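Predicted model only: the values in this text are computed from it and were never measured. The figures here come from the full heavy-atom set of this structure, side chains too, leaving out hydrogens, waters and symmetry mates. Order of appearance sets the numbers: ligands from 1, and atoms from 1 within every ligand.
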Amino acid sequence: MVILVTGGAGFIGSHTCTELLEGGYEIVVLDNFVNSRPGTLGHIEEIARREFPFYAVDLLHEQALRRIFKERRIDAVIHFAGLKAVGESVRHPLWYFHNNITGTLNLCSIMAEFGCKRMVFSSSATVYGIDSNEPISEEATPRTPINPYGKTKLMIERILGDICVSDPEWSVVSLRYFNPAGAHTSGLIGEDPKGIPNNLLPYIAKVANGELEKLSVFGDDYDTPDGTGIRDYIHVVDLAKAHICALRYAFAHTGQDVINLGTGMGYSVFEIIAAFERASGKKIPYQVAPRRPGDLAVCYANPSKAKSVLGWSAERDLDAMCFDIWHYTQRRG
Ligand code: NAD
Ligand code: UD1
């Protein structure tokens, strides 16, 4: 079975490629490196001890994309490629809408042209936009996200839903990730964002490594036990394994399914700092700063649908996540 992985050089894509290769799948990888590095491809091959074809193609370039489908018989697509920085999306909405939505439309049109009608799509818990002390389940009605990045995810889910309605042969599994974090245990692949990280754990890792001076904790006056924001951090290797389960499901069903990927456990910013200090043996200097606009107090998953439908649940805990990030950070120098 041949799986096209768009955005396969990225953080979650690279870990999923590794799992696919180790699971015996043939993969074809596409990326334009807008937010990743070519060296990651070699690391994937090193971990899995297998080689794979790679195309340096932008989803916006229809002809180049079509060439992949002409040259390879693709059975299904795992679609990671997209821009993902919330603040950047507010500053450059046209770029985000064009890249994420037009890119997906091109991909779906060409998939349909070649009779390839199975997709696993990277959505996000950001589509819920719900602040709740209860775990969030898939039945919750998404609110229109406040930023262009979130809007692209919700729009793409709806576009994929309409495609499935129009043609009952299509099968789409949209996975709503909570907060992906961690790195591969080899220390060869992980998250190394270009520029200053937006997300908490990559930022903390750079503070621990002496690349950034101190963390700003965005608000300690939320209605939570220690006043800081609570999130559901999920290990990227668990997340990658969920994609294999979702792929199997996509081959056995049709229509669109939307599934949360989280652990069901929430941790506060202060708990994350303490866990990273334990894992790294480093002190994480921080200052309390004003709340970040658009942030929720609490957001964590009800992961029961993933368990019942995909037979998947997260296995790695917060300490493993922090340990693997620290190992990766030290290896990359
Ligand atoms: P990432 O930026 O590391 O990976 C995305 C990859 O897509 C990058 O390698 C980038 O170069 C590539 N890409 C972007 N636009 C492209 C285009 N037009 N053509 C070809 N390649 C392109 O991000 P990630 O963390 O691995 O996220 C993967 C997916 O999961 C994204 O769609 C993201 O929005 C979604 N997601 C991520 C998170 C998270 O916190 N990491 C949370 C929820 C959802
Ligand atoms: C952010 C995005 C969300 C996206 C998700 C992907 C925003 C507003 N939301 O969510 O759309 O789907 O990433 O993982 O950007 N924090 C600090 N200091 C920092 C960074 C973060 O205190 O330097 C806090 C935040 O306030 C939050 C927690 O850490 O309470 C997690 O933040 P982050 O990693 O950015 O994830 P989300 O806010 O969940």
Side-chain angles (χ1 to χ4, degrees), residues 5-16 29-38 40-41 55-61 64-65 78-90 95-96 98-100 102-104 106-107 121-129 145-147 149-150 152-153 156 175-181 189-194 196-204 206-207 212 214-220 222 224 228-234 236 239-240 261 266-270 272-273 286-300:
V5 184
T6 76
F11 172 46
I12 306 169
S14 58
H15 289 80
T16 304
V29 175
L30 164 172
D31 207 297
N32 67 353
F33 301 122
V34 65
N35 195 39
S36 53
R37 295 170 177 81
T40 301
L41 302 170
Y55 289 83
V57 161
D58 191 315
L59 286 180
L60 296 175
H61 296 159
L65 190 54
I78 306 187
H79 179 29
F80 293 105
L83 298 168
K84 63 166 185 176
V86 171
E88 190 177 63
S89 80
V90 173
W95 184 33
Y96 269 66
H98 190 46
N99 189 79
N100 291 6
T102 312
T104 304
N106 285 346
L107 177 64
F121 169 63
S122 297
S123 188
S124 168
T126 198
V127 301
Y128 292 117
I146 60 165
N147 56 73
Y149 163 70
T152 68
K153 291 293 169 195
I156 293 169
L175 299 172
R176 291 178 176 164
Y177 311 152
F178 278 68
N179 289 65
I189 54 174
E191 189 172 20
D192 185 14
K194 293 181 175 172
I196 296 181
N198 300 300
N199 296 119
L200 181 64
L201 273 158
Y203 200 106
I204 289 180
K206 285 193 190 275
V207 172
L212 292 169
K214 62 180 160 192
L215 172 74
S216 290
V217 174
F218 296 144
D220 67 349
Y222 284 106
T224 59
T228 65
I230 291 179
R231 296 290 184 275
D232 186 338
Y233 298 90
I234 171 161
V236 65
L239 204 63
L261 294 183
Y267 290 101
S268 74
V269 176
F270 285 150
I272 297 294
I273 294 173
Y286 69 84
Q287 63 183 9
V288 175
R291 293 181 179 191
R292 182 171 62 180
D295 268 1
L296 306 171
V298 182
C299 178
Y300 67 107

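- In Ser216, the part holding a heavy atom less than 4.0 Å from any atom of ligand 2 is the backbone.
- With sequence neighbours excluded, the residues satisfying side chain to side chain contact (heavy atoms under 4.5 Å, CB included) with Val298 are Asp131, Asn133, Thr224, Ile230, Tyr300.
- Under 4.0 Å from ligand 2, the heavy atoms of Thr126 that appear belong solely to its side chain.
- Protein heavy atom in closest approach to atom 8 (C) of ligand 1: Asp31 OD2, 3.6 Å.
- Atom OH of Tyr286 has 12 or fewer heavy atoms from other residues, nucleotides or ligands within 6.0 Å.
- Residue, atom and distance of the protein heavy atom nearest to atom 5 (C) of ligand 1 are Gly82 O, 3.9 Å.
- Residue, atom and distance of the protein heavy atom nearest to atom 28 (C) of ligand 1 are Phe80 O, 3.6 Å.
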TODO: Decide side chain to side chain contact (heavy atoms under 4.5 Å, CB included) for Thr16 and Val5; before the verdict, give the C-alpha distance in whole Å, the side-chain angles of both, and the deciding distance to 0.1 Å.
DONE: CA-CA 9 Å; Thr16 304; Val5 184; 5.6 Å; no
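- Of all protein heavy atoms, the one closest to atom 13 (O) of ligand 2 is Asn199 ND2, 2.9 Å.
- Within the listing of ligand 2, atoms 8 (C), 25 (C), 26 (O), 38 (O) sit less than 4.0 angstrom from a heavy atom of Asp295.
- In this structure, the protein non-hydrogen atom closest to atom 24 (C) of ligand 2 is Val269 CG2, 3.7 Å.
- In this structure, atom 25 (O) of ligand 1 lies nearest to the protein heavy atom Lys84 NZ, 2.7 Å.
- Only the side chain of Lys153 comes within contact range of ligand 1, with a heavy atom under 4.0 Å; no backbone atom does.
- Counting heavy atoms closer than 4.0 Å to ligand 2, residue Val86 contributes side-chain atoms (C-beta onward) but none from N, CA, C or O.
- With a 4.0 Å cut-off on non-hydrogen atoms, Phe33 touches ligand 1 through its backbone and not its side chain.
- With distances taken over non-hydrogen atoms, the option nearest atom 44 (C) of ligand 1 out of Ala64, Ser122, Gly10, Ser123 is Ser123.
- Residue Val217 has no N or O atom closer than 3.5 Å to an N or O atom of ligand 2.
- Atoms of ligand 2 found under 4.0 Å from any heavy atom of Ser124 (numbered from 1 in listed order, with element): 12 (O).
- Contacts with ligand 2 closer than 4.0 Å are made by no heavy atom of Leu296, backbone or side chain.
- Considering backbone and side-chain N/O atoms, Leu200 comes within less than 3.5 Å of an N/O atom of ligand 2.
- Counting only heavy atoms of the protein, atom 17 (C) of ligand 1 lies nearest to Asn32 ND2, 3.4 Å.
- Nearest to atom 32 (O) of ligand 2 by heavy atom, out of Arg291, Arg292, Arg231, Lys153, is Arg292.
- Contact annotation for Tyr267 and ligand 2: no heavy atom of the residue comes within less than 4.0 Å of the ligand.
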- [ ] Dump the intermediate steps for side chain to side chain contact (heavy atoms under 4.5 Å, CB included) on Leu65 and Leu59, then the final yes or no.
- [x] CA-CA 6 Å; Leu65 190 54; Leu59 286 180; 3.9 Å; yes
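- The N/O atoms of Tyr149, backbone and side chain alike, include none that comes under 3.5 Å of an N/O atom in ligand 2.
- Protein heavy atom closest to atom 26 (O) of ligand 1, with residue, atom name and distance, is Ile12 N, 2.8 Å.
- For Thr126 (side chain) and Gly150 (main-chain N/O), no donor-acceptor pair under 3.5 Å exists by modelled atom type.
- Protein heavy atom in closest approach to atom 38 (C) of ligand 1: Pro180 CG, 3.9 Å.
- Between Asp31 and Arg37, no side-chain nitrogen of the basic residue sits less than 4.0 Å from a carboxylate oxygen of the acidic one, so the salt-bridge criterion is not met.
- Of all protein heavy atoms, the one lying nearest to atom 34 (O) of ligand 1 is Tyr149 OH, 2.9 Å.
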- [ ] Please assess Glu88 against Tyr96 for the test side chain to side chain contact (heavy atoms under 4.5 Å, CB included), listing each intermediate value before the final yes or no.
- [x] CA-CA 8 Å; Glu88 190 177 63; Tyr96 269 66; 2.4 Å; yes
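- The closest side-chain heavy-atom distance from Trp95 to Val34 is below 4.5 Å.
- Residues Cys299 and Tyr128 form no side-chain contact, since every pair of their non-hydrogen atoms from C-beta on lies 4.5 Å or further apart.
- Contacts between Val57 and ligand 1 below 4.0 angstrom, taking non-hydrogen atoms only, involve the backbone exclusively.
- When heavy-atom distances to ligand 1 are checked against a 4.0 Å cut-off, Val34 comes that close through both its backbone and its side chain.
- With Arg291 contributing its side chain and Ala297 its backbone, the two residues share no donor-acceptor pair below 3.5 Å.
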